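In what follows, residues are counted from 1 in the order of the sequence shown. Note that this is a predicted model, so its numbers are computed, not measured.
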Amino acid sequence: MVCAALSACETELDSSMLTYKPRLVINSLITTDQAVWASVNSNIPLADSLGPAPIENATVVLFDQQGNQYPMPFNFGQGRYEASILPKPGEHYEVVANYANFPQASGNTTLPSTVKVAPSTWVDNTGVDVDGFPTGTLSLKIVDDKQERNYYNISLYRYDDFIAQWFIISPDFQDKELESQSISTPDGGFVISDALFNGAVKTFNFTTPFASKGQQYKYMVSVQSMNEDYFLYIQSLDQYTQQSGLFTEPVSVYSNIEGGLGICAGASVLKDTIR
C-alpha cells in the first residue's frame with residue numbers, strides 16, 4: 001500500500017518534450033566594497049548530469065551610467081571576469097557577455113543609496129547563557145527610508161586576536177518576530193525587508209556569547225542596502241532550498257538577464273567596527 005501510494009504521487013517528466021536552447025548564464029552581484037565581477041557559463045540540457053563549467057574566453061564588458069566601457073578580463077585565480085572599477089552607490093551598471101554562437105546576454109542594475117545607521121554598540125553582561133555564563137548584546141540601529149521599500153543584508157563578525165582574522169557569527173535575535181521574517185544566507189548572514197518597520201528607526205538586538213578567558217571581543221557589523229532584484233534572488237534561492245523535493249512543485253531561481261539566464265543585482269555596503 002505504501003509503495004502504491006508513493007508511485008501514485010510521483011510525476012514522470014518526459015525530458016524529450018522540453019526544447020533545449022543554449023544560453024549564456026551570467027551571475028554578477030555588484031557591491032560597493034569590491035571591484036565589479038561576473039561569472040559566465042552556459043545552461044545545460046535537463047538530462048545532463050554534469051554541472052556547467054566556467055566559460056573562460058567570453059567577451060565581457062561593463063558599462064556605467066555615463067556610457068563608459070570597461071573590459072572585464074578573466075581572472076583564472078578567482079574563476080570569474082573582473083573590471084577595474086569600484087562601483088558607487090546610486091549608480092547604474094550593465095554587464096554584457098558575448099561568446100561563440102550563443103545569443104548576447106546582458107544584465108542591468110542600479111545600486112541603492114548607502115543605508116543610514118547609528119553607531120553600533122556592544123554591551124557585556126546583559127544576560128546569561130544556558131550554562132550560566134554572562135552574555136552580551138550587540139545592537140544595530142537602522143534609519144529606514146519611508147518613501148520606498150528597502151531590503152537589507154546583515155552580517156555580524158567577531159575578531160580573533162590570536163590568529164588576526166574576522167569570523168562571521170550566526171545572529172541570535174532577541175526579537176523573534178524579526179527573526180521569523182528574516183532569510184538566512186549561505187555565508188551566515190541574513191536578509192530582511194523593511195515590511196515590519198517601514199520608515200522607522202529600527203534597532204536590531206543580538207545576543208553575543210561569553211568572551212573566552214575574560215577577553216573583550218571586537219565586533220563588526222556589515223549592512224548591505226540591497227535592490228529588489230538582489231532580494232528576490234536571495235528569496236528564491238531560499239525557497240528552492242526549502243521547498244524543492246520529490247513531492248513538491250519545482251521552484252525557479254529568480255533571473256533578470258536579457259537574452260540569457262542568471263542574476264545582475266547590487267547593494268551598497270556599510271561596515272561598522274565596535275572595539
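Distance alone, capped at 3.5 Å, places no donor-acceptor pair between the Asp131 side chain and the Phe133 backbone. A donor-acceptor pair is defined here as one N or O able to donate and one able to accept, closer than 3.5 Å; no such pair exists between the side chain of Asn27 and the backbone of Gly262. No donor-acceptor pair under 3.5 Å is formed between the side chain of Ser39 and the backbone N or O of Arg80.
Around NZ of Lys21, the count of heavy atoms belonging to other residues, nucleotides or ligands within 6.0 Å does not exceed 12. Residue Gln66 qualifies as enclosed at atom CD: its count of foreign heavy atoms under 6.0 Å is above 12.
Across all non-hydrogen atoms, the minimal contact from Gly266 to Pro112 is O-CD, 3.9 Å. What you find for Asp145 and Asn150 is that their closest heavy atoms are O-ND2, 2.9 Å. For the residue pair Ile30 and Cys264, the shortest heavy atom distance occurs at CD1-SG, 4.3 Å. When all heavy atoms of Ser28 and Val36 are compared, the pair lying nearest together is OG-CG1, 4.5 Å. Nearest heavy-atom pair, Gln181 versus Ile192, reported as atom, atom and distance to 0.1 Å: O-CG1, 4.0 Å. Summarising the geometry of Pro54 relative to Asn41, their closest heavy-atom pair is CA-CB, 4.2 Å, with the distance given to 0.1 Å.
Residues Asp229 and Tyr254 bring a donor and an acceptor atom of their side chains to less than 3.5 Å of each other. A donor and an acceptor atom, one from each side chain of Thr109 and Asn227, are located under 3.5 Å apart. Side-chain polar atoms of Gln174 and Thr137 form a donor-acceptor pair below 3.5 angstrom. Side chains of Tyr152 and Asp144: a donor on one and an acceptor on the other come within 3.5 Å.
The ring of Tyr93 has its center no closer than 6.0 angstrom to the ring center of Tyr70.
Distance CD/Glu94 to CD/Gln69: 10.0 Å, rounded to 0.5 Å. The distance from the CD atom of Glu91 to the OG atom of Ser268 is 10.0 Å, given to the nearest 0.5 Å.
Using a 30° and 60° split on the angle between ring planes, Phe74 and Tyr81 fall in the perpendicular class, above 60°. A tilted orientation is assigned to the rings of Phe190 and Phe206, their planes being inclined by 30° to 60°.
Residues Leu261 and Ile26 do not share a hydrophobic cluster, defined by chaining ILVMFWY side chains whose heavy atoms lie under 4.5 Å apart. Linking Ile, Leu, Val, Met, Phe, Trp and Tyr whenever their side-chain heavy atoms come within less than 4.5 Å leaves Leu156 and Tyr159 in two separate clusters. Tyr151 and Ile263 end up in the same hydrophobic cluster when Ile, Leu, Val, Met, Phe, Trp and Tyr side chains are linked at under 4.5 Å.
Pro171 has its side chain out of reach of Phe204: every pair of non-hydrogen atoms, C-beta onward, lies at least 4.5 Å apart. Counting only heavy atoms from C-beta outward, the side chains of Val40 and Tyr99 never approach each other to under 4.5 Å. The shortest side-chain heavy-atom distance between Leu111 and Pro87 falls under the 4.5 Å cut-off.
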>> Between Asn153 and Ile234, is the side-chain contact (heavy atoms from CB on, under 4.5 Å) condition met? List the steps.
In response: CA-CA 10 Å; Asn153 186 352; Ile234 295 295; 5.7 Å; no
